[in-house]
Amino acid sequence: MTDAALKDESQRPAEPAVLEDVPGWFWDHDRHSFDWFMGRQEKTGVTGGLLEMGAYLGRSAIVIGEHLQPGESFTVCDLFDSDAPDDENAAEMDTSYRKSLTRSAFEVNYLAFHEELPEIIQAPTSALAGGRIAAGTFRFIHIDASHLYEHVVGDLQVARVALQDQGVVVLDDYRSQHTPGVAAATWGAVFNHGLKPIMLTECKFYGTWGDPEPFQRDLLDRVDLASGCYLSSETLNGQQVLRMTGDSDGIGAFRPSRHHRRLAAEAARDEASQSRRAVQEEAARDLAARRARAAELRRPANVAKRAARDLLPPVVTSVIRRARRG
C-alpha cells in the first residue's frame with residue numbers, strides 16, 4: 001500500500017456498528033421521544049417533511065431518518081467543515097467541534113444505517129430563510145445548530161414558517177449553563193410568538209405552534225410510552241407543560257448498522273488473536289525462565305556444589321551446611 005493510500009485509510013471515518021458508536025449528545029429519553037412524536041404522527045396519518053438544523057456527526061439524524069415515509073423528504077442543514085458566517089459563530093465552532101465535524105464523517109455514519117443520504121444543505125441555517133424550503137410542509141423539525149441568541153431566533157422563525165399547523169419543533173440545549181442564548185430565544189418564542197410547550201426533557205424542549213393538548217393527553221395516558229419514562233405536569237403562564245424524567249428501562253436499543261455483523265466478527269477475531277498472543281507470550285516467558293534456571297545450574301560453582309552434595313556422606317554434608325550457616 002502506498003503512503004498516500006495509508007494516509008487516506010487512516011483519515012477515513014470509522015464505521016459505526018451501533019448508534020452509540022456515532023459521537024454526539026443524544027440520549028435515550030430524547031431518542032425515545034423523537035420516535036414517539038414522529039410515530040404518533042405516522043399513526044394518525046400526518047405526513048410532511050423532516051428537517052434537522054445542525055446535525056453534528058449524525059446520531060439524531062439517523063433516528064429521524066428512520067421515520068421517513070414514502071413521498072416525504074428529509075433535509076439536513078449544517079455548516080459541517082465550511083467556514084462560519086461570522087466571527088462569533090466561528091469562535092463557537094472552534095471551541096466545540098471544529099476538529100471533529102466533517103461532512104464525510106456525517107455521510108459515513110448516516111449511510112451505515114440508511115440506504116440513501118438526506119438532502120444536505122451545507123450552509124448556515126440562515127440559508128433556509130426566504131423561501132429556500134417550502135412553507136407549511138414540515139411535520140418535525142429539530143434545531144441543534146448555533147447556540148447564539150440571534151441565530152436561534154432566526155432558526156425558530158424558519159421553523160415557524162416551515163411547520164404544519166400540528167408540526168413539532170424540538171430545541172436542544174434550552175437550559176444548559178453554556179447556552180443562555182438558546183434559553184432566551186426559546187422562552188422568548190413561548191411568551192411573545194405563540195410557541196406552545198408540549199414537553200421538556202433534561203436536554204430538549206418539544207413544542208408546537210398548533211395545539212399541544214392532543215400530544216399531552218396521549219403522553220399522560222402513556223400511549224406507546226416506555227416503562228422507564230415518568231411524566232409530571234407544570235403550569236406555566238396558564239399553559240400546561242409536561243416534564244419527562246426517569247431511567248432507560250423499557251427503551252429498546254436502536255437497530256444495529258449494516259456493518260454490525262462484520263465489525264463484530266472482526267472484533268471477535270481481534271480478541272482471539274490477542275488471546276493467542278497472550279498465551280504465546282506467557283509460554284515464551286516460561287521458557288525463558290526455565291532456560292535461565294538451567295543455565296544457572298550449569299555454572300561451574302553450582303555443578304561442584306551438586307557433586308559434593310551427591311558424593312559426600314550425608315553426615316559430612318550436614319556438618320558443612322551448619323558451618324556455612326555459622
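Positions are given from 1, in the same order as the sequence printed here. Being a predicted model, the structure only gives us computed values, none of them experimental.
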Next item on the list: Can you tell me which residue pairs pass the ring-ring contact (aromatic ring centres under 6.0 Å, His included) test with a partner in residues 157-176, sequence neighbours excluded?
Entry: none
Item checked: Where D81 and R103 come nearest, the two heavy atoms and their spacing -> OD1-N, 3.5 Å
Note to self: In the structure I gave you, are the side-chain heavy atoms of V22 and I62 within less than 4.5 Å of one another anywhere?
What the structure shows: yes
Checklist line | Shortest non-hydrogen contact from G167 toward T208 | finding: O-OG1, 2.8 Å
Note to self: Between R31 and E66, does any NZ, NE, NH1 or NH2 come within less than 4.0 Å of an OD or OE carboxylate oxygen?
What the structure shows: no
Check: Are any side-chain N or O atoms of R258 and backbone N or O atoms of L111, one a donor and one an acceptor, separated by less than 3.5 Å?
Finding: yes
Margin query: For the backbone of A183 and the side chain of R175, can you confirm whether one donor and one acceptor N or O come within less than 3.5 Å of each other?
Written below: no
Check: Judged by modelled atom types alone, do E52 and S60 share a side-chain donor-acceptor pair under 3.5 Å?
Finding: yes
Note to self: Measuring only between side-chain heavy atoms, which start at C-beta, is K204 closer than 4.5 Å to W27?
What the structure shows: no
Check: Can you tell me if T179 uses its side chain to pair, donor with acceptor, with the backbone of H147 under 3.5 Å?
Finding: no
Margin query: Checking H142 now: which residues fulfil ring-ring contact (aromatic ring centres under 6.0 Å, His included) with it, not counting sequence neighbours?
Written below: F34
Margin query: Is there a side-chain contact between V63 and F254 in this structure, where contact means two heavy atoms from C-beta onward sitting under 4.5 Å apart?
Written below: yes
Checklist line | Donor-acceptor contact below 3.5 Å, side chain S176 vs main chain H178 | finding: no
Next item on the list: Mind listing the closest non-hydrogen atom pair of F106 and A55 along with its distance?
Entry: CE1-CB, 3.8 Å
Notebook entry, point to check: Q216 side chain to Q240 main-chain N or O, any donor-acceptor pair under 3.5 Å?
Noted result: yes
Item checked: Atom of P118, atom of V76 and distance for their closest heavy-atom approach -> CG-CG2, 3.7 Å
Check: In Å and rounded to the nearest 0.5 Å, what is the CG to CD1 distance from D35 to I64?
Finding: 10.5 Å
Next item on the list: Flag the pair L68 / H114 as yes when at least one side-chain heavy-atom distance between them is below 4.5 Å, and no otherwise.
Entry: no
Next item on the list: Only pairs at least two apart or in different chains count here, so list each ring-ring contact (aromatic ring centres under 6.0 Å, His included) that has a residue in residues 208-247.
Entry: F37-F215
Next item on the list: With the side chain counted from C-beta on, respond yes when M38 and Q69 share a heavy-atom pair under 4.5 Å apart, and no when they do not.
Entry: no
Next item on the list: Determine whether E15 and D21 make a side-chain contact, defined as any pair of heavy atoms from C-beta on separated by less than 4.5 Å.
Entry: no
Check: Do any N or O atoms from the side chain of R160 and from the backbone of H193 form a donor-acceptor pair under 3.5 angstrom?
Finding: yes
Margin query: Just so I know, are the side chains of W25 and R59 near enough to count as touching, which here means a heavy-atom distance under 4.5 Å?
Written below: no
Margin query: Donor-acceptor pair, distance only, cut-off 3.5 Å: does the side chain of Q164 make one with the backbone of T47?
Written below: yes
